[in-house]
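What's counted below: heavy atoms across the whole structure, side chains too, no hydrogens, waters or symmetry copies.
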Amino acid sequence: MVLSSSLVTIALALCSALGSNAAPPTAKPTTAVGKLPALGWNDWNADGCSISEAKVVAAANAFVSRGLKAAGYQYVNVDDCWALKNRDSSGRITPDPAKFPNGIASVATQVHNLGLKMGIYSDAGTNTCAGYPGSLGHEDVDAATFAGWGIDYLKYDNCNVPSNWTDAASPPGGNWYNSNSAIRYRQMTAALDKQSRPIQFNLCIWGQANVWTWGSQVGHSWRMTGDASATWSFILMAINTNSQHLSSVNFYSHNDMDMMEIGNGALTTQEQRTHFAAWAFLKSPILLGTDLAKLTAAQIAIITNAELLAFSQDPNIGVPAKPFTNAGSPSTSTPEYFAGKSSKGTHVFVINTGGSTSTRTVNFSSVPGLGSGTFTVHDMWTGKDIGKFTNSYKFSLASHDTAAFRLT
Ligand code: GAL
């Protein structure tokens with residue numbers, strides 16, 4: 001009897017080491033945080049692996065000095081490459097002392113002292129994408145380490161997945177929540193759940209394993225695509241991909257369109273406006289991805305636009321704007337007309353995906369929940385009423401720009 005029960009224990013331990021967990025955890029993400037899309041910053045898009053305490057603390061200070069904290073930006077997030085390549089003798093991930101000479105907890109304290117929150121990065125595989133320790137099989141110790149340091153947000157990546165953890169073509173019962181991918185993430189949800197500190201959980205799973213169908217049972221947000229680039233084609237692709245899965249978005253449940261590229265590359269002002277507006281009206285996390293000190297006043301004006309941020313952060317309405325068919329407009333490969341509600345009324349967003357300035361007409365009877373009649377058209381970019389219009393509103397829109405209106 002004693003012998004057979006220890007055999008069972010050994011068999012279970014083996015199964016778990018091999019990845020075929022008998023009873024994968026079903027803990028749900030905390031609701032103490034993560035109701036609204038995260039607003040913040042992450043170093044990766046600007047700096048890649050060259051991260052340091054100095055850069056993180058500079059970003060946190062820039063949140064205050066450049067008005068980002070006042071606008072609602074909160075999370076100061078460290079991405080890959082912050083650790084040493086090997087765990088310490090007790091199995092804990094160790095910050096690289098060349099990059100973080102005072103450790104991560106000290107940086108978190110500095111960030112918290114500014115009234116901000118601190119995020120970190122790990123991976124649901126053996127190693128991160130850049131080859132630093134991953135958390136698969138180390139979930140409990142890593143979650144406890146992060147919580148002990150005062151971490152508020154975890155981005156959890158998807159590189160270096162062992163072959164015994166890859167997904168079958170179809171998951172058990174056809175439910176992707178039971179796929180190996182989901183279980184790798186569920187193990188971290190359960191580990192985070194055991195901590196006394198609530199930690200917002202982002203699944204960096206690049207739109208794999210139908211994550212939009214189960215993401216909200218496991219985390220607060222999930223990446224929908226591969227990595228962002230500072231290009232118009234990426235912005236269009238992200239809008240297009242997300243537009244197909246907007247029924248997954250609500251409070252505590254956000255498709256992540258990836259980190260912002262405003263300030264990087266050569267996006268036009270209009271493209272930057274579309275990048276920010278779409279991330280706001282589709283209720284994606286908005287994590288700035290550039291050296292905040294170098295943002296121009298015009299860029300700061302875009303990313304602190306109070307009305308678009310209010311739409312993103314509406315405490316009463318969790319659903320995003322959705323595409324609609326505007327009578328008289330040609331169909332386009334990426335939707336151009338979106339509408340949604342906020343606490344303040346009905347909003348319409350129009351993207352010019354074409355290569356030249358052109359005239360657009362919003363037909364009020366096409367807008368879900370509006371109907372024909374006379375409405376005051378308010379420009380969310382300028383914060384000013386444009387005027388009263390009956391049945392439609394006609395305007396000129398520059399190539400790659402987005403117009404943002406409230407209709408009341
Ligand atoms: C990718 C991820 C990026 C960044 C990078 C770090 O998988 O999508 O956002 O975190 O890894 O190595």
Side-chain angles (χ1 to χ4, degrees), residues 33 38-70 73-123 127-135 138-157 159 188 191-192 194-202 204 259 263 285 287-295:
V33 293
L39 300 179
W41 173 87
N42 172 300
D43 60 274
W44 181 259
N45 284 353
D47 293 322
C49 265
S50 57
I51 180 67
S52 66
E53 167 170 346
K55 282 183 182 166
V56 178
V57 172
N61 282 307
F63 272 50
V64 178
S65 65
R66 307 228 56 196
L68 299 167
K69 180 187 174 195
Y73 288 86
Q74 244 191 331
Y75 287 94
V76 179
N77 292 355
V78 172
D79 209 281
D80 204 351
C81 311
W82 58 267
L84 287 176
K85 292 245 161 129
N86 292 307
R87 290 171 179 272
D88 71 11
S89 55
S90 52
R92 286 161 59 102
I93 308 188
T94 309
D96 182 342
K99 295 170 182 163
F100 292 92
N102 304 298
I104 298 287
S106 136
V107 180
T109 301
Q110 295 176 68
V111 168
H112 292 152
N113 287 345
L114 291 168
L116 301 169
K117 294 184 168 184
M118 173 85 193
I120 208 157
Y121 164 101
S122 190
D123 187 287
N127 286 96
T128 71
C129 301
Y132 296 85
S135 294
H138 304 268
E139 293 86 355
D140 282 337
V141 64
D142 290 353
T145 300
F146 300 153
W149 287 343
I151 292 297
D152 305 295
Y153 185 108
L154 174 63
K155 169 178 174 177
Y156 205 43
D157 214 339
C159 277
M188 184 52 92
L192 293 174
K194 292 175 198 158
Q195 313 308 318
S196 51
R197 186 179 189 85
I199 295 180
Q200 189 153 332
F201 191 30
N202 171 260
C204 180
M259 303 168 300
L287 297 176
L288 306 171
T290 198
D291 179 348
L292 301 174
K294 293 195 184 138
L295 285 168

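The structure places NZ of Lys294 at 11.0 Å from CG of Leu292, a figure rounded to the nearest 0.5 Å. Taking NZ from Lys117 and CG from Leu39, the interatomic distance works out to 11.5 Å, rounded to the nearest 0.5 Å. In this structure, Trp149 CH2 and Phe100 CZ are separated by 9.5 Å, a value rounded to the nearest 0.5 Å. Taking CD from Gln74 and CZ from Phe63, the interatomic distance works out to 9.0 Å, rounded to the nearest 0.5 Å. Of the inter-residue distances, the one linking Ile120 atom CD1 with Ile151 atom CD1 reads 4.0 Å to the nearest 0.5 angstrom. Here the CD-NZ distance, from Gln200 to Lys155, works out to 14.0 Å after rounding to the nearest 0.5 Å.
Judged as a side chain to side chain donor-acceptor pair (under 3.5 Å), and not counting sequence neighbours, Asn127 has no contacts. Listed by chain and residue number, Ser90 satisfy the side chain to side chain donor-acceptor pair (under 3.5 Å) test with Asp88 (two or more places apart in sequence, or in another chain). With sequence neighbours excluded, no residue satisfies ring pair (Phe, Tyr, Trp, His ring centres under 6.0 Å) with Tyr73. A search for salt bridge (Lys or Arg N to Asp or Glu O under 4.0 Å) contacts involving Asp142 returns Arg87, not counting sequence neighbours. Applying the side chain to side chain contact (heavy atoms under 4.5 Å, CB included) criterion to Ala108, with sequence neighbours excluded, gives His112, Met118. By the side chain to side chain contact (heavy atoms under 4.5 Å, CB included) test, Leu114 pairs with Ala60, Asn61, Val64, Leu116, sequence neighbours left out.
Between Trp82 and Ile93 the shortest side-chain heavy-atom distance falls below 4.5 Å. Ile51 has its side chain out of reach of Asp79: every pair of non-hydrogen atoms, C-beta onward, lies at least 4.5 Å apart. In this structure, the side chains of Val76 and Val56 come closer than 4.5 Å at one or more pairs of heavy atoms. Phe201 places none of its side-chain heavy atoms less than 4.5 Å from the side chain of Val33. In this structure, Leu154 and Asn202 have side chains that are not in contact, with every pair of non-hydrogen atoms separated by 4.5 Å or more. Side-chain contact between Cys81 and Tyr132 is present, with at least one heavy-atom pair separated by less than 4.5 Å. In this structure the side chain of Tyr156 reaches within 4.5 angstrom of the side chain of Ser122, judged on heavy atoms. Counting heavy atoms from C-beta on, the side chains of Asn77 and Asp43 never come closer than 4.5 Å.
Defined by atom type and a distance below 3.5 Å, a donor-acceptor pair is present between the side-chain atoms of Asp157 and Tyr121. Judged purely by distance below 3.5 Å, without hydrogens or angles, the side chains of Asn102 and Glu53 pair a donor atom with an acceptor atom.
The pair Asp47-Lys55 meets the salt-bridge criterion, since a charged nitrogen lies less than 4.0 angstrom from a carboxylate oxygen.
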> Can Thr290 and Asn45 be said to form a side-chain contact (heavy atoms from CB on, under 4.5 Å), step by step?
Replying inline: CA-CA 6 Å; Thr290 198; Asn45 284 353; over 6 Å; no
> Going through the distances and angles, do Leu68 and Leu288 end up as a side-chain contact (heavy atoms from CB on, under 4.5 Å)?
Replying inline: CA-CA 10 Å; Leu68 299 167; Leu288 306 171; 4.0 Å; yes
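Side-chain atoms of Ser106 do not come within 3.5 Å of backbone N or O of Gly103 as any donor-acceptor pair. Although no hydrogens or angles enter the test, the distance criterion places no donor-acceptor pair under 3.5 Å between the side chain of Asp96 and the main chain of Leu84. Here the side chain of Thr128 pairs a donor or acceptor atom with the backbone of Gly131 at under 3.5 angstrom. Checked by atom type and distance alone, the side chain of Lys69 never pairs as donor or acceptor with a backbone atom of Ala62 at under 3.5 Å. The backbone N or O of Gly289 lies less than 3.5 Å from no partner atom in the side chain of Trp41, so there is not a single donor-acceptor pair.
When all heavy atoms are compared, the tightest approach of Ala147 to Arg197 is O-CD, 3.6 Å. Summarising the geometry of Ala293 relative to Arg66, their closest heavy-atom pair is O-NH1, 3.4 Å, with the distance given to 0.1 Å.
The one candidate from Cys159, Cys129, Cys204 that meets the side-chain contact (heavy atoms from CB on, under 4.5 Å) condition with Asp80 is Cys129.
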